[in-house]
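First the structure, in the form of structure tokens, and then the observations on it.
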Amino acid sequence: MQQITYQIKERGGKIELPETLGFGKLFTDHVFEMDYDQGKGWHNPVIKPMENLSLHPATMFIHYGQAIFEGLKAYRTANNEVQLFRPDQHFKRMNNSAKRLCMPEIDVEFALEALKELINIERDWIPAKQGESLYIRPFMIGTDEFLGVNPSKSYKFIIILSPVGAYYPEGFKPIKILIQDDYVRAVRKGIGECKTPANYAASLKAGEEAMKKGYTQVLWLDGVQQKYIEEVGTMNIFIKFKDEVVTPKLNGSILPGITRKSVIQLLKEWDYPINEREITIDEVIEKYDAGELEGVFGSGTAAVISSVGWLTFKEKNMTINKGEPGDLAIKLFDEITSIQYGLKNDTHDWIVQVEKKEVGVS
Ligand code: COI
């Protein structure tokens, strides 16, 4: 395994976190970074003080979008231990995104070691309150200085950290969702299943318009016929019908969420009839009209589980479970967050501890 170089800055005092953290506004003071060059592979891994990137204006990812990222979290337990939720899955997913965008893969084991080292150094930034955590944002960018359209031959992989609270200002309160067919987020055989900025850029306009109309987010329909439901906001979607729980099956345009995967596993263990299948918007409306739509919720790293209280499609307004969080959404939220915060035993091998140790200097 490669040797990480440490450039640790002296902290002048204790870290004071604000009372309310919000999401993604505050950053810790060190980052992990390494470089890639064709022929040389990944090299120069370093943990160093956070500083602005200095980039040539022709840096390729700015122009042609060769960029990928991940989002995962570290939690402080009641015993003051620090633990990660399924970090290996996130780095593996990052490698799948990398393959699709002609970017180099990372060594999952090394990335995990580097992340643990960084988190150990930034331990004091991890909030202690339930509902708060340290959001981890690994990302990779193509760094050739060149305006021709082809894969970059050099890259940077960086991990930044951000102490966060709730993703949605509503917290766990049900959100209001607009289903709309004016815009699509992604198409099959495109890059919808990759965590890449382009998918988020494609979602902004619809999100803005929905917000102006008083909705929190958008429910995305498929990119070809706008007939099948795919994702909700930046999350995967689950629907509880009277006799089954369903989630859209992964088809190439849907992000394979790590929380989605965990939810499916839990539902199977709890003997819920859970089906990954195609779900049309017509079916959702029909089941609603028949009184068979019992709950809708989103799953994602940032919000974990987020109940949907209201769905609107054209003239059709649907109130789900009287606008209250559904029992299943609550049960899943409690189970997953209890595991994440160490309140429940991890029987799934989802948790990775970050041992406390003296900071190495090389
Ligand atoms: C998530 O829900 O975990 C996300 O991907 C949101 C993130 C892009 C801020």
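Note that ligands are numbered from 1 as they come in the structure, with each ligand's atoms numbered from 1 the same way.
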Closest approach of any protein heavy atom to [atom], naming residue and atom:
| atom | result |
| --- | --- |
| atom 8 (C) of ligand 1 | Tyr200 CE2, 3.7 Å |
| atom 6 (C) of ligand 1 | Thr234 OG1, 3.5 Å |
| atom 7 (C) of ligand 1 | Tyr135 OH, 3.9 Å |

Quiz item: To which residues is Met60 joined in a hydrophobic cluster, defined by side-chain heavy-atom contacts under 4.5 Å among Ile, Leu, Val, Met, Phe, Trp and Tyr, whether direct or through other members?
Solution: Tyr64, Phe146, Leu147, Val149
Quiz item: Taking the six-membered ring for Trp, are the ring centroids of Phe157 and Tyr36 within less than 6.0 Å of each other?
Solution: no
Quiz prompt | Nearest non-hydrogen partners of Ala74 and Ile119, listed with the distance | solution = CB-CD1, 3.9 Å
Quiz prompt | Distance-minimising heavy-atom pair for Lys227 and Leu221 | solution = N-CB, 4.3 Å
Quiz item: Counting both backbone and side chain atoms, is some N or O of Tyr167 under 3.5 Å from an N or O of ligand 1?
Solution: no
Quiz item: Judging by distance only, is a nitrogen or oxygen of Met235 under 3.5 angstrom from one on ligand 1?
Solution: no
Quiz prompt | Joint cluster assignment, Met50 & Phe69, ILVMFWY side-chain distance < 4.5 Å | solution = yes
Quiz item: So which pairs with a foot in residues 274-308 pass ring-ring contact (aromatic ring centres under 6.0 Å, His included), sequence neighbours left out?
Solution: Phe238-Phe297
Output the list of atoms in ligand 1 that are nearer than 4.0 Å to some heavy atom of [X], sorted by atom number.
| X | answer |
| --- | --- |
| Phe23 | 9 (C) |
| Thr301 | 1 (C), 2 (O), 3 (O) |
| Gly300 | 2 (O), 3 (O) |
| Lys195 | 4 (C), 5 (O) |

Quiz item: Given Ile330, which of Leu328, Asp334, Leu332 fulfils the side-chain contact (heavy atoms from CB on, under 4.5 Å) condition?
Solution: Asp334
